[in-house]
Amino acid sequence: MEIKKLQEKLMRKKVTVWEKRDRNVIDEYSKGYKKFINYSKTERRAVEYTVKELEKHGFKPLDFYLEKGKIEDGDKVYYVNNSKAIFAIKIKGSLINGINIVGAHLDAPRLDLKPEPIIEDTNIAMAKTHYYGGVKKYQWLNIPLELHGVVIKDDGTKVDVSIGDAEDDPVFVISDLLPHLDRRKGEVSEVFKGEDLNLLLGSISISYDEEVKDGVKLNILNILHEKYGIIEEDLISAELEVVPSLPARDVGLDRSLIAAYGHDDRICSYTALTALIESEPINRSASILLTDKEEIGSDGNTGAKHHFWITVVKKLLKLQGSSNIELDIDDTLLNSTLLSADVTAGYDPNFKDVHDPANAARLGYGIAIAKYTGARGKAGTNDANAEVFGKIRKIFNEEGVVWQTGELGKVDQGGGGTIAKFFSEKGLSVIDAGVALFGMHSPYEIASKGDLYETYYAYKVFLNKN
Ligand code: MN
Ligand code: MN
């Protein structure tokens, strides 16, 4: 008996979300997420959805407050960067005290159309693609695909293109070689080539007159022109993203899991968004920063390396009456904490050997906190200070958050990064915390509904209490 008491006192017991939460509450929350993920097939669409939700809950664009000339406690502000990244904040107290930020990313691995995409070969028209982010190329073959994005025409007007998610829309497919004839051997990364990821567009010629060359391609251009008023050169000034046409579905007989395209990292973006909306910050301002380009290194003016949100905070400092913005912004950043909200690898029973079972995150065991990511001996990561982990652990435990630790694979197995390091280099206290997935970066990633709900709850606790 004494030993049992000692065990309870000293050893950490991992619990699941399912033991602690009401199943109905989890299911209800999942419905909202499925709506979000089904609409947010690109980072632009995710921003659009986010803005609508924020406005519904009283958030106003930064310009509104700049015109007004001041901000007060309780004010809710948002700023959109180039339609692809967004910063939103609930003001509570002086910003110099620091801000609680949940930072996630809205982009997801996909195939982008090349600048000159349309080709015709043996009476088949195809669109050439260049993959974006880390994909296993074979996973994108012979599955239904959609096309979403924008085209900037010669006169500067922007056309929204969206094909594949309306009920009677066609979809696109990249065809794979039949097994009967596939004698290719070797590494999958060698066998499946990026230049072969060509989307089937059509097979009918605009004319069967022998004088007409590339008639199938011309027919496709004609269809695009009739639908969108665009010509071939317009496709050059465009961002057209090829994404799986796979609506989010419950997985398993117990419906405990959700499969969807783009959990990485829209699952952390949605949980952050809803946490901010529901938050009631006690000590200091609460915010979310949803960035783009994470899957290709966070470069570019919509990525996490860009400082647009700091510019917004500077303007807010001015609206709070700061007389020395340069000094005050440094204090604000140094006093701020950012939860780097990104997904991690779940301990998959089919692929146990890539993980350390003691440290890998498990589906259903709550939000996974990762002290570090990186590769080859923690290279290229924000390795969170013990003090930061201690603080987060304390507030999570106080509020009954179901949490676990996570590590992206066992030592020297591989690795990866998140946006965390781009904030710690600016002086913020940062730690990674998000949802564990199976099949990360695949066209149909799998998450636990329990973890989805618990991550929302954890972000809300952090935004309120930190
Ligand atoms: Mn991610
Ligand atoms: Mn990723």
Side-chain angles (χ1 to χ4, degrees), residues 37 39-48 81-86 104-119 126-152 160-165 171-174 188-189 192-201 235-246 260-269 290-306 342-343 373 380 414-419 422 437 439-445:
I37 196 89
Y39 185 78
S40 303
K41 295 182 175 175
T42 65
E43 61 285 353
R44 287 173 192 269
R45 277 207 183 186
V47 165
E48 191 193 306
N81 174 13
N82 283 292
S83 313
K84 292 160 72 168
I86 184 164
H105 67 94
L106 293 170
D107 61 319
R110 60 177 191 254
L111 308 177
D112 285 336
L113 289 203
K114 289 194 183 198
E116 305 225 32
I118 305 181
I119 55 163
M126 297 184 290
K128 299 206 60 88
T129 65
H130 197 137
Y131 67 95
Y132 172 101
V135 300
K136 291 167 89 171
K137 298 180 187 92
Y138 69 86
Q139 294 181 333
W140 293 73
L141 304 173
N142 282 100
I143 61 165
L145 300 165
E146 302 178 1
L147 186 67
H148 300 285
V150 295
V151 175
I152 310 298
D160 282 310
V161 170
S162 180
I163 305 169
D165 65 353
V171 291
F172 304 96
V173 178
I174 298 167
V188 277
S189 56
F192 298 93
K193 299 217 173 356
E195 283 296 344
D196 296 339
L197 296 177
N198 300 322
L199 217 59
L200 286 172
L201 295 180
L235 296 172
I236 294 174
S237 49
E239 281 179 350
L240 293 168
E241 305 180 6
V242 178
V243 300
S245 186
L246 301 168
Y261 162 66
H263 281 321
D264 179 7
D265 184 33
R266 292 171 190 143
I267 195 166
C268 295
S269 300
L290 309 181
T291 66
D292 177 31
K293 299 273 192 273
E294 193 279 337
E295 297 296 353
I296 54 169
S298 293
D299 298 298
N301 67 357
T302 50
K305 286 185 190 172
H306 183 49
D342 207 343
V343 298
T373 57
T418 63
I419 59 172
F422 308 118
L437 301 182
M440 193 199 295
H441 282 210
S442 76
Y444 215 38
E445 302 171 317

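The first residue of the sequence shown is numbered 1, and numbering continues consecutively from there.
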Nearest-0.5 Å distance that lies between atom [atom1] in [X] and atom [atom2] in [Y]:
X: H130; Y: L197; atom1: NE2; atom2: CG; answer: 10.0 Å
X: N198; Y: L113; atom1: CG; atom2: CG; answer: 10.5 Å
X: E48; Y: S40; atom1: CD; atom2: OG; answer: 8.5 Å
X: E241; Y: L147; atom1: CD; atom2: CG; answer: 9.0 Å
X: I86; Y: T302; atom1: CD1; atom2: OG1; answer: 13.0 Å
X: E116; Y: L235; atom1: CD; atom2: CG; answer: 9.0 Å

Looking only at non-hydrogen atoms, find the nearest pair between [X] and [Y] and report the distance.
X: Y132; Y: E294; answer: OH-N, 4.3 Å
X: A108; Y: D264; answer: CB-O, 3.4 Å
X: P144; Y: L246; answer: CG-CD2, 4.1 Å
X: A304; Y: I419; answer: CB-CG2, 3.6 Å
X: G133; Y: I296; answer: N-CG2, 3.6 Å
X: L437; Y: M440; answer: CD1-CG, 4.0 Å

**Request:** Determine the interplanar angle of the Y138 and F192 rings, folded into 0 to 90°, and report it as parallel if under 30°, tilted if 30 to 60°, perpendicular if over 60°.
**Result:** tilted
**Message:** Whether the side chain of R44 engages the backbone of S83 through a donor-acceptor N/O pair (distance < 3.5 Å, no angle test) should be reported.
**Reply:**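 Side chain of R44 to backbone of S83, a donor-acceptor pair under 3.5 Å: no, none is there.
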**Asked** Looking only at atom types and distance, does a side-chain atom of K128 sit under 3.5 Å from a main-chain N or O of E195, one as donor and one as acceptor?
**Response** yes
Within the structure provided, determine whether [X] and [Y] are in side-chain contact (heavy-atom separation under 4.5 Å).
X: Y261; Y: R266; value: yes
X: E445; Y: I267; value: no
X: L111; Y: W140; value: yes
X: H148; Y: L240; value: no
X: P117; Y: T129; value: no

**Message:** Taking side chain to side chain contact (heavy atoms under 4.5 Å, CB included) as the criterion, tell me which of I174, I163, V243 meets it with L145.
**Reply:**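 One option only clears the test, and that one is I174.
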**Request:** Give me the one residue out of L106, D265, V47, N81 that meets side chain to side chain contact (heavy atoms under 4.5 Å, CB included) with L290.
**Result:**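 Option passing the side chain to side chain contact (heavy atoms under 4.5 Å, CB included) with L290: L106.
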Would you say the side-chain atoms of [X] and [Y] include a donor-acceptor pair closer than 3.5 Å?
X: T418; Y: D342; value: no
X: T291; Y: H105; value: no
X: E295; Y: H441; value: yes

**Asked** Is the count of non-hydrogen atoms from other residues, nucleotides or ligands lying under 6.0 Å from Y131 atom OH greater than 12?
**Response**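 No, not enclosed.
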**Message:** Considering only residues two or more places apart or on different chains, which pairs with a residue in residues 131-146 satisfy salt bridge (charged side-chain N to carboxylate O under 4.0 Å, His left out)?
**Reply:**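 Qualifying pairs: K41-E146.
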**Message:** With side-chain contact (heavy atoms from CB on, under 4.5 Å) as the criterion, how do I118 and M126 come out once you've worked through the C-alpha distance, each side chain's angles and the decisive distance to 0.1 Å?
**Reply:** CA-CA 6 Å; I118 305 181; M126 297 184 290; over 6 Å; no
**Message:** Between E43 and R110, does the salt bridge (charged side-chain N to carboxylate O under 4.0 Å, His left out) criterion hold? Intermediate values first, please.
**Reply:** CA-CA 11 Å; E43 61 285 353; R110 60 177 191 254; 3.2 Å; yes
**Prompt:** Ion pair present between D107 and K293, side-chain N to carboxylate O less than 4.0 angstrom?
**Reply:**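 No, no charged N to carboxylate O under 4.0 Å.
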